[in-house]
There are 2 protein chains.
Amino acid sequence: MRPPAARVGDGVAAIDTPALVIDLDAMEGNLARMAEFARAHRVRLRPHAKTHKSATIAALQMRAGAVGVCVQKLGEAEALADGGVSDIFISNQIIDPAKLARVAALAQRVTLAMAVDSVPGVQRLAAALKAAGSRIGVFVEIDVGQGRCGVAPAAAGALAHQVVSHGLPLAGLQAYHGRAQHLRSAAEREAAVRHAASLVRSAQASITAAGIACPLVTGAGTGTFAFEAASGAWQELQPGSYLFMDRDYADNEPTPNAPAFEHALFVKSQVVSRGFSHAVIDAGHKAHAIDAGLPRVRGRDHEFANGGDEHGILRARGDALPELGDTVWLVPGHCDPTVNLHDHYIAVRDGLDWGAVEAVWPVDARGRLD
Amino acid sequence: MRPPAARVGDGVAAIDTPALVIDLDAMEGNLARMAEFARAHRVRLRPHAKTHKSATIAALQMRAGAVGVCVQKLGEAEALADGGVSDIFISNQIIDPAKLARVAALAQRVTLAMAVDSVPGVQRLAAALKAAGSRIGVFVEIDVGQGRCGVAPAAAGALAHQVVSHGLPLAGLQAYHGRAQHLRSAAEREAAVRHAASLVRSAQASITAAGIACPLVTGAGTGTFAFEAASGAWQELQPGSYLFMDRDYADNEPTPNAPAFEHALFVKSQVVSRGFSHAVIDAGHKAHAIDAGLPRVRGRDHEFANGGDEHGILRARGDALPELGDTVWLVPGHCDPTVNLHDHYIAVRDGLDWGAVEAVWPVDARGRLD
């Protein structure tokens, strides 16, 4: 593991590069605005911890009113439970019997829920829980437009019947529309969620027709949560990226009636080589994920070109190029996989220009893809 | 850190998913073929350890005849030195004084070299080495077509003069053409290296004109090394990916007179959800890097679609879709950043279909982007 890039009390200038840096003031503002939105709209907030993978940040979110967190991976759930997180929903499919035995073991130390989308998934989960004497909440996942996991809405009742007839408690519906999050116009995102809401309602009707109660519908992300909340079809929101706001989400047209979020996550880098028309920084795509496009340079107008695994290349545009040794702050293209590349957060108070390191937090579930 | 996905002696079926798996027979064949190529062409081999980040694999390469390894990052060098690697070339620029003090400290326990491409870089390196009483080899980096780090060939003599007048030993020229590696046709790659060779010769002339000896030219990658070797301009080769062969390199037209390498690195994944026309696996781009494009499914003809951070989506093409719970082996699009996503290698003997785990190796320099 890499040693932390700074110590508490260091000035920003002393942070080794490349480093994953949180602007604490910006993050806390984002955290408070989302919590307030959920309160005002009377929906539960269960932020997605796949974004931050940090028990410390999960605790901040829960202190602000979140009922718990979501994760995508069992390994993330285990790492966050080790860090004291007490209420976790694995919003994903697990069907390996050895993993399901770990789910059952984890359920004995935290409040746990999981999604299912197949009969074998329900059968194996029930067998693992029975063997361990454990109990978890079970959400039937429906496909509301993502085209990935989840049953067709009309099949929700039959799967819910499988859940309850295996003696498992139906916690509700998992209904997340990932593709809708980055539709650039607010109108397109609204239309996608309107259609997803109609699918949620037909899934609920299918469950009701099976004589089963559906206590809760959970879903939504940073790009659409205001539409899910307004629809009345969802009772719980799962946004993750609002905490950090990456370049990709900032490229969306803002959603009316949704709070605005600031960039709070940066990669600090340094110019290590300088040509007459370009500057090379020491952060490539091993330091920031590019699956959703290249990063933006904070506060400066430069063209950013991918320089490979360990380098980024800047060319002049509105602003003059930085010089050898200068600091360059990147706004990552996509925050979740960027976080997963780093062992620690360097959390800075009072801004990136004059602030100091207030905390160093491990990325507890970094690499927990299991 | 994630616990290892398997134990020594486990059958392949018992490897938890997603996991980074080496086919040892294939890797050893690749390793031997490259070592034999270098011997036959009387060039030194210094494989790039940015690919594997493993002291164990570096030792295997050196036992097969490599003179040492390259790395791109000081943190990688430190991690490999901790693992017993004795001869390391940092083929990159470092200009931060705190990092240069670490370079000087590291030089007291391994044979170390580094690249420079600026006068401040030389000055700061010299100061750090003097303060510690350390000595390293210094390579002047020239830009031979990559457009990233490196001085213009005509400026090599002036920078070499700076090196020697600061009392540092000029080890030679670093001349790597990254862009040439993935030009798809062999003829294009050959032309790019022919031009690079002319730039190497003009840089050498510039150094000779400054009255300085240039002992060695080092460079080349998996896509071009046979051309560098044939040119006579390079005396040391730095390929890295030959060891594992990713999908991107396999998409190149083969180089005449170069050994062929097999895929030796895979991500084991499992089908966790199944629709009527698609299958979803538990490995997304947090498990395999997609900067050089999507992975290929080993031994099966499926369309692969990016399913996000934690999922991959397969659609039928030549072969029928796998069923829920089935194993799917991915050939990563790009091996280097894929390795960096994992904490361990699971090294399998006797093939991926019927083999067993022979070793579990840590990815020693995983996350060492410092």
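Only a predicted model underlies this, so the values are computations on that prediction, with no experimental measurement involved. Heavy atoms only: backbone and side chains are in, while hydrogens, waters and symmetry mates are out. A, B, ... follow the sequence lines: proteins, then strands. Residue 1 opens every chain.
- Among the residues in residues 363-370 of chain A, those with a non-hydrogen atom closer than 4.5 angstrom to a non-hydrogen atom of chain B are A:Arg366, A:Gly367, A:Arg368, A:Leu369, A:Asp370.
- For B:Arg315, the CZ atom is densely surrounded, since the number of other residues' heavy atoms within 6.0 Å is greater than 12.
- With a 4.5 Å cut-off on non-hydrogen atoms, A:Asp336 touches chain B through its backbone and its side chain both.
- Between B:Gly307 and A:Arg148 the shortest heavy-atom distance is O-NH1, 2.7 Å.
- At a heavy-atom separation below 4.5 angstrom, chain B is approached by A:Asp16, A:Thr17, A:Pro18 within residues 13-21 of chain A.
- Here NZ of A:Lys286 is found 5.5 Å from CD of B:Glu76. Values are rounded to the nearest 0.5 Å.
- Between A:Ile313 and B:Gly147, the shortest heavy-atom contact is CD1-O, 3.8 Å.
- Ranked by heavy-atom pairs under 4.5 Å with chain A, the list B:Met1, B:His311, B:Lys99 is led by B:His311.
- When the candidates B:Glu141, B:Gln72, B:Arg274 are compared by the number of heavy-atom contacts under 4.5 Å with chain A, B:Gln72 comes out ahead.
- Ranked by heavy-atom pairs under 4.5 Å with chain B, the list A:Leu341, A:Asn340, A:Asp309, A:Val280 is led by A:Asp309.
- Heavy-atom distances place both the backbone and the side chain of B:Val272 under 4.5 Å from chain A.
- Between chain A and the residues B:Ile94, B:Ile95, B:Asp143, the most heavy-atom pairs under 4.5 angstrom are made by B:Ile95.
- The most heavy-atom pairs under 4.5 Å with chain A, out of B:His285, B:Gln146, B:His278, come from B:His285.
- Between chain B and the residues A:Arg124, A:His342, A:His334, the largest count of heavy-atom pairs under 4.5 Å involves A:His334.
- For the pair A:Gln93 and B:Asp282, the minimum side-chain heavy-atom distance is 4.5 Å or more.
- Applying the ring-ring contact (aromatic ring centres under 6.0 Å, His included) test to A:His288 and every residue at least two apart in sequence or in another chain returns A:Phe304.
- Side-chain contact between B:Glu310 and A:Lys73: present, with at least one pair of heavy atoms (C-beta onward) separated by less than 4.5 Å.
- Residue A:Asp96 touches chain B through both its backbone and its side chain, counting heavy-atom pairs closer than 4.5 Å.
- Across every non-hydrogen atom of B:Gly150 and A:Ser273, the tightest pair is N-OG, 4.1 Å.
- Looking at A:Ala98, neither its backbone nor its side chain comes within 4.5 Å of chain B, counting heavy atoms on both sides.
- B:His52 pairs by the ring-ring contact (aromatic ring centres under 6.0 Å, His included) definition with nothing, not counting sequence neighbours.
- Contact tally against chain B (heavy-atom pairs below 4.5 Å) for A:Ile290, A:Val271, A:Asn92: the top residue is A:Asn92.
- With a threshold of 4.5 angstrom between heavy atoms, B:Lys50 approaches chain A through its backbone and through its side chain.
- The contact between A:Asp291 and chain B is made by backbone and side chain atoms together, counting heavy-atom distances below 4.5 Å.
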